[in-house]
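What follows is a set of notes on a single structure, which appears directly below.
Letters go in sequence order (proteins before strands), and every chain restarts at 1.
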Amino acid sequence: MSYNHQAIEKKAQEKWATLDLYHTDLTDESKEPYYLLVEFPYPSGDLHSGHWYAFAVTDIYARLLRARGKNVLFPIGFDAFGLPAENAAIKHGVDPKEWTYKNIERMRAQLSSMGASFDWSKEVITCDPSYYQWTQWLFTKLFEHDLAERREAAVKWCPKDQTVLANEQVIDGCCERCGTTVEEKRLTQWFLKITDYADRLIAGLDTLPWREEIKEAQRAWIGKSEGAYLKFDLALDFQGSTLESIKVFTTRPDTIFGATYVVLAPEHALVAQLLSHVSNKSEAEGYITATKRKTERERSENKEKTGVLLEGIMAINPATKEKIPVYIADYVLASYGTGAVMAVPAHDERDHDFAVKFNLPIVETTFAEWDEIASIGGQKTTQYRLRDWLVSRQRYWGCPIPIVYDPEGKPHMIPAEHLPWLLPADVDFTPTGKSPLASSKELRERVTKIFGEGWTPEYDTLDTFVDSSWYFLRYLDPKDPHDFSDQSLMKKWMPVDRYSGGSEHTTMHLLYARFFTKALHDLALVQIDEPFIERFNRGLIMGPDGQKMSKSKGNVINPDEFVGRYGADAVRIYLAFIGPYNEPGNYPWNLDGVASMRKFLDRIVRASERVAADAASTEALQQTVARTNMKIAEDSDRFKFNTGIAALMTLLNEFETTPLLSRDVFREFVIMLAPFAPHLAEHLWEKLGGEGSVHQQTWPLATIVAAANETIVVQVNGKRRGSMTLPRDVSQEAALAASYELSSVTAALGGKSPERVIYVPNKIMNLVV
RNA sequence: GCCGAGGUGGUGAAAUUGGUAGACACUCGACACUUAAAAUGUCGUGAGCUGUUAAAGGCUCGUGCGGGUUCAAUCCCCGCCCUCGGCACCA
């Protein structure tokens with residue numbers, strides 16, 4: 001016998017909508033607020049298994065918290081700007097806006113079909129002017145406080161997507177989106193000064209109860225290292241030079257006496273000047289051109305050290321006063337430190353490799369004291385691996401940067417009364433490497449009209465990670481036309497209690513959102529300094545073959561098929577049962593898994609048919625119910641839904657040995673089932689004659705009466721020889737006497753009396769002979 | 001190379017953080033029901049040995065490998081190996 005999941009799901013979902021069950025009153029003072037956040041999706045159009053894993057399992061926790069009396073904010077929205085919409089526009093000639101909103105419509109329906117209890121009244125859509133107006137406003141605030149800045153820098157350029165990328169979006173030298181090897185260009189772009197917050201972003205981690213791997217990944221990404229600047233004067237073999245010195249960064253200023261040469265990166269600013277004084281100019285130029293042609297990745301893959309000596313130029317070691325040679329080599333990075341290093345081959349592996357290859361002296365040194373280092377011009381400094389966040393993109397479907405340029409080319413922020421600064425519609429999307437917005441006549445005319453002749457628009461749009469760096473604040477007040485959020489609600493609801501998402505966002509979104517929060521804190525726009533108290537990275541759902549799902553491998557699982565066959569509840573439980581949700585594992589989709597969860601649900605329905613109003617339940621069964629209750633509550637707080645479900649299964653197994661089930665006991669079971677299988681639980685609730693919705697019920701309060709009897713394991717020399725059931729907290733003497741009743745124990749003792757007796761009440765009796 | 005998290009049956013996993021290892025499931029096998037299949041139910045399912053007509057039961061080994069601490073180790077300590085994730089010519 002099998003129940004009709006389609007009918008049950010439809011009916012339950014309609015009931016919840018009618019009751020407006022998931023609307024959160026943010027001003028409710030009667031309950032404790034709990035902000036449960038899950039990363040909002042990009043509206044790609046179809047809910048895949050990853051979405052199901054993200055939203056359906058988190059929804060279980062939202063429902064549990066509500067049942068336990070919390071006022072739960074569980075919002076949803078769409079991270080709706082981004083490349084796919086634009087690419088669809090280029091490929092199929094559709095309007096990116098239409099494409100996006102059509103997908104959103106579709107995904108809303110799919111999210112409801114999983115039974116997710118989102119509060120849709122708080123929905124935010126980042127491409128909506130009512131949202132991006134405030135993204136723009138926040139950007140102007142950052143601009144006012146010098147945290148947003150336009151400057152020329154070496155930037156990463158994706159030749160396929162025809163746009164610059166943030167450092168974080170370059171993985172192993174390739175574009176994070178499309179995998180194309182990135183190029184380096186010198187361009188004038190907008191940056192947010194996240195490096196100003198590097199120290200605070202590290203320090204803040206200590207206050208957060210996150211898993212160590214997330215914290216470590218962020219620390220490594222920020223890459224703080226303490227050291228010193230040292231100056232190496234130049235000793236020139238020719239006359240009349242104005243060249244002075246080379247500044248280096250080192251984490252080991254104490255090894256200064258062992259510095260036997262100096263190395264500059266090929267892109268170092270001094271190189272051009274130095275080249276005019278060297279005797280091997282063409283050789284050096286040849287080396288530089290050759291290395292500049294290589295990508296950063298190609299350079300790092302080449303472990304063999306290369307370089308070129310600058311003939312005729314010597315540097316002076318400030319400690320030894322000796323003249324040492326100067327090289328250009330690509331093992332020194334222009335983008336880190338000063339782009340120049342003092343080489344200490346005796347104490348640095350890379351310098352050692354280079355010295356061996358170029359026959360340079362390797363001098364062991366005892367270490368210099370700081371006083372001595374300071375006396376030769378050493379200056380303490382801290383360097384970071386983190387770069388400022390490059391936020392301008394030469395793409396169309398993004399938030400327009402709220403900046404205009406005066407006739408002199410100086411940037412000005414667009415005043416608040418002109419926000420939202422609308423994305424123009426008369427645009428040619430074809431990627432040319434120039435911003436599509438430059439093709440908009442309307443935008444140019446708009447700027448002239450408002451600001452005057454000679455003023456020009458900013459044509460770049462913002463990185464979509466800017467949009468998602470503050471959306472959790474907007475959820476609290478999503479429709480406010482006068483402010484980005486509501487101060488009193490932020491005070492009550494922020495920081496987010498628990499944030500669930502993918503581990504791929506550890507060094508991007510998660511870091512950006514923390515930076516944004518700290519910056520807004522400094523601008524007195526938010527009170528909090530860290531946005532998320534708890535953070536859980538969920539795992540990955542793999543194909544049935546254990547490989548990452550991909551169309552080319554043909555191992556993509558469409559959850560809709562399983563939902564159609566077994567119901568949303570079965571899929572929800574399957575995903576929650578697959579493994580612990582508090583650690584990011586890789587879980588292959590088990591083709592039999594959903595069906596087996598449906599069997600479990602069918603067995604519940606069958607058990608419900610043996611519920612009798614007048615059936616009494618045993619005390620033992622009531623105890624099991626209470627223990628199940630505790631187990632689910634505790635495990636869920638640890639984000640372990642697999643063991644919670646196992647407890648429900650164990651309880652059902654026990655029900656099946658009971659001919660008639662008491663209504664009260666089964667009622668409690670249904671309430672405990674509700675977060676996991678919300679539709680079926682609603683159906684059973686109605687069958688039991690329950691009032692309202694099962695999802696309005698509070699969690700039955702577990703009172704566990706200590707069991708009257710406990711099983712005690714008897715060991716001889718640490719090996720299990722038997723067990724006995726004795727009254728709880730029985731004395732050692734009584735337990736010992738009972739142990740001797742067991743023939744297996746006396747046999748193992750072999751007539752000897754124990755030298756030592758270890759007795760752990762209610763657990764273990766160990767006799768040591 | 002450095003840093004972090006891990007390693008438990010055929011599979012996903014569990015173990016109150018030092019106290020009966022493998023809960024709960026999947027798979028597989030046998031049986032029952034059925035004309036048959038599906039569905040459902042019952043039993044078995046870490047390895048090896050032993051036991052009896054059949055059972056029940058009993059013994060040994062077993063949580064990546066080798067040591068150690070302890071009455072007792074998946075858990076703590078030392079030394080290796082492997083997997084996954086992050087960083088990586090970052091001075």
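- In the set A5(B), A15(B), A25(B), the nucleotide with an atom closest to the side chain of E212(A) is A5(B).
- If you check every strand for non-hydrogen atoms under 4.0 Å, R211(A) touches sugar and phosphate atoms only.
- Of the P atoms belonging to G58(B) and C65(B), the separation is 27 Å, rounded to the nearest Å.
- Side-chain proximity of F249(A) to A91(B), G12(B), C87(B): nearest is A91(B).
- Looking at E212(A) and R219(A), a side-chain N of the basic residue comes within less than 4.0 Å of a carboxylate O on the acidic one, giving a salt bridge.
- Considering only side-chain atoms of Y587(A), the nucleotide from A13(B), U20(B), C26(B) that sits closest is A13(B).
- Remark: the separation of the C1' atoms in G85(B) and G10(B) is 27 Å, to the nearest Å.
- Comparing atom distances between the A646(A) side chain and each of G4(B), A25(B), C24(B) picks out C24(B) as nearest.
- The side chain of R219(A) contributes no N or O atom lying less than 4.0 Å from OP1 or OP2 of G4(B).
- Remark: U83(B) base-pairs with A5(B). Criterion, Watson-Crick or G-U wobble with two distances under 3.5 Å.
- Classified by interplanar angle (parallel below 30°, tilted 30° to 60°, perpendicular above 60°), the ring pair F532(A)/H509(A) is tilted.
- Taking side-chain N and O atoms only, N642(A) has a distance below 4.0 Å to OP1 or OP2 of A14(B).
- As the counterpart of U53(B), no nucleotide is assigned, since no Watson-Crick or G-U wobble pattern has both distances under 3.5 Å.
- In this structure, of A91(B), C26(B), G86(B), it is A91(B) that holds the atom nearest to the side chain of T251(A).
- A25(B) and G46(B) have their P atoms separated by 15 Å, with the value rounded to a whole Å.
- Residue K640(A) places at least one side-chain N or O closer than 4.0 Å to OP1 or OP2 of A15(B).
- Contacts of Q715(A) with the nucleic acid, taken as non-hydrogen atoms under 4.0 Å apart, include base atoms.
- Distance noted for atom P between G18(B) and G7(B): 16 Å (whole Å).
- A cation-pi contact, defined as under 6.0 Å to the ring centre and within 45° of the axis, is absent between K305(A) and F354(A).
- In this structure, D353(A) atom CG and G1(B) atom C1' are separated by 12 Å, rounded to whole Å.
- U70(B): no Watson-Crick or G-U partner with both key distances under 3.5 Å is found in any strand.
- Under the Watson-Crick and G-U wobble criteria, each requiring two contacts below 3.5 Å, nucleotide C43(B) is paired to G29(B).
- Mapping D635(A) and M342(A) onto RNA chain B via the closest heavy atom, the residue that lands nearer the 5' end is D635(A).
- Side-chain N/O atoms of K719(A) include one lying less than 4.0 angstrom from OP1 or OP2 on C61(B).
- Searching all strands for a Watson-Crick or G-U wobble partner of G48(B) with both distances below 3.5 Å returns C59(B).
- For the pair R598(A) and F562(A), the cation-pi criterion (under 6.0 Å, within 45° of the ring axis) is not fulfilled.
- Look at the C1' atom in both U34(B) and U20(B): the space between them is 42 Å, to the nearest Å.
- Within 4.0 Å of P580(A), counting heavy atoms only, lie sugar-phosphate atoms of the nucleic acid but no base atom.
- Between T643(A) and T650(A), the residue anchored nearer the 5' end of RNA chain B, judged by the nucleotide with its closest heavy atom, is T643(A).
- Relative ring orientation between Y581(A) and F639(A) is described as tilted, the plane-to-plane angle lying within the 30° to 60° band.
- Using a 4.0 Å heavy-atom criterion, one finds that I758(A) contacts the bases of the nucleic acid, with or without backbone contacts as well.
- Put simply, N653(A) has a side-chain N or O that comes within less than 4.0 Å of OP1 or OP2 on A25(B).
- Atom pair I171(A):CD1 and A88(B):P shows a separation of 10 Å (rounding to whole Å applied).
- Nucleotides G9(B) and U45(B) place their C1' atoms 10 Å apart, quoted to the nearest Å.
- Between the D729(A) side chain and the N762(A) main chain, no donor and acceptor come within less than 3.5 Å of each other.
- Nucleotide C24(B) is matched to G12(B) when pairs are restricted to Watson-Crick or G-U wobble geometry with both distances under 3.5 angstrom.
- A glycosidic torsion no more than 90° from 0 defines the syn conformation, and G9(B) adopts it.
- Within the shown strands, nothing qualifies as a pairing partner of A91(B) under the Watson-Crick or G-U definition with both distances less than 3.5 Å.
- With its glycosidic angle within 90° of 0, U17(B) is assigned syn.
- Atom CZ of R756(A) and atom P of G19(B) are 17 Å apart (whole Å).
- Salt bridge E213(A)/R535(A): absent, no basic N to carboxylate O contact under 4.0 Å.
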Verdict with supporting geometry, E168(A) and W221(A), side chain to side chain donor-acceptor pair (under 3.5 Å) = CA-CA 9 Å; E168(A) 287 76 7; W221(A) 188 262; 3.1 Å; yes

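- Between A72(B) and U63(B), the two C1' atoms lie 16 Å apart (nearest whole Å).
- In this structure, L767(A) places its CG atom 14 Å from C1' of G19(B), rounding to the nearest Å.
- Separating the CG atom of L575(A) from the C1' atom of A13(B) is a distance of 16 Å, rounded to the nearest angstrom.
- With A72(B), C87(B), G4(B) as the candidates, the nucleotide lying closest to the side chain of E216(A) is G4(B).
- A21(B) sits 29 Å from G79(B) when the P atoms are compared, rounded to a whole Å.
- The phosphate of A91(B) (OP1 or OP2) has no side-chain N or O of Y331(A) nearer than 4.0 angstrom.
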